[in-house]
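Here is the structure we will look at.
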Amino acid sequence: MDKTKLYPLRFEPIYQYRLWGGRRLVSLLSAPLPGDEPIGEAWVLSDRTDHQSPVANGLLRGLTLGQVLEQFPEQLMGKWSSRFRRFPLLLKFLDAHEMLSVQVHPSDDPSELISKGDTAKTEAWVVIEAEKGSQIYAGLKSDTTADILRKSLHDGTIADHLVSISPKTGDAVFIPAGTVHTLGNDVVVFEVQQNSDVTFRLYDWGHIDSVTKEPRPLQVDQAFACIEFGASDSGLVAPCVETTTPVERERLFDCAAFLVWRVHGRDRFTVGEAAEPRVLVGIEGSGQITHDGTPYAVGKGDVWLLPAEVGVCAFEPSGEATMLEIAIP
Ligand SMILES: [Zn+2]
């Protein structure tokens, strides 16, 4: 048996060209942004076959997240080791300079819309930066029927039928599978989602891809097959304050796919949990995790995976800091 002891793992971000992207991730992430093309997404924790996050620190440096999970399933996943063959969450920062396509992700039903090996996709956003004109659409207005929505695709009035949010830094937005959604006009968000890449585009604002010189394909029929019409718990979330000392701990999202807390303050607190993996994301300020006497620096935009074997660690903010802690329920 391999006696390697796991430790807090940091991963290199994987940058993705997107026609709607910008260059704002330069100031958010420590790794340099490639080229000068618009970067829409930084995948900061990914166990996708085509995009594997590489470990950036310590003994396991260079191994991918998938390889770590394969070689150390119990040490990494703890009580979830028999449940997941790949890491179930995909974490990203999005820099939406322009509007993304209006899109929807499937739930598990109907499952024929999900390609083999993929899953449903519920996702959630925490707003990192927003401008005056920034825009989030999350869900359909309650009186929007399938007929009204289909007609609006042709006359370009789809935005009139979507629930509109003017995002502010710190807003938390929940997008369960089946929710029509998009965002853009210079908004940067942290995104937590199920490890899935199934997206159906309904509408793309007339965008032409500057690389292909073509509009991007739409998947209108598949999108309609997975849209949830009627009442939904999508949209802005009211954070639930769990504790106020020694630091403020708010629960932002609590669904079947993920749990997310926001921890804010200047005093020492603990992160991680025995026998399960946790992810820590630096949102504002900085500090350090200490594990086995070794400090691990956490800055803005940094993502650390705390393997189950690592368990509970102390976190020491340097001044005022805001972190997200993410768990698998
Ligand atoms: Zn989405």
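Numbers here simply count residues along the sequence, with the first being 1. We count ligands from 1, going down the list as the structure has it; atoms in each ligand are counted the same way. All heavy atoms count here, side chains included; hydrogens, waters and symmetry mates do not. Computed from a predicted structure; not experimentally measured.
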Run the side chain to side chain donor-acceptor pair (under 3.5 Å) check on D209 and Y17 step by step: do they pass?
CA-CA 11 Å; D209 192 313; Y17 160 79; 3.0 Å; yes

Provide the protein N, O or S atoms situated under 2.8 Å from the Zn ion (ligand 1); waters are not included.
H105 NE2, E123 OE2, H181 NE2

Close side-chain approach of F174 and T122, heavy atoms under 4.5 Å:
yes

For V312, which fellow cluster members are found when Ile, Leu, Val, Met, Phe, Trp and Tyr are connected by side-chain heavy-atom distances below 4.5 angstrom, either directly or through intermediates?
none

Can you tell me how far the CD atom of E248 sits from the CD atom of E250, to the nearest 0.5 Å?
4.5 Å

Other ILVMFWY residues reachable from I14 by side-chain steps of under 4.5 Å
W43, L90

Pairs where residues 210-236 contributes a residue and the test ring pair (Phe, Tyr, Trp, His ring centres under 6.0 Å) is met, not counting sequence neighbours
none

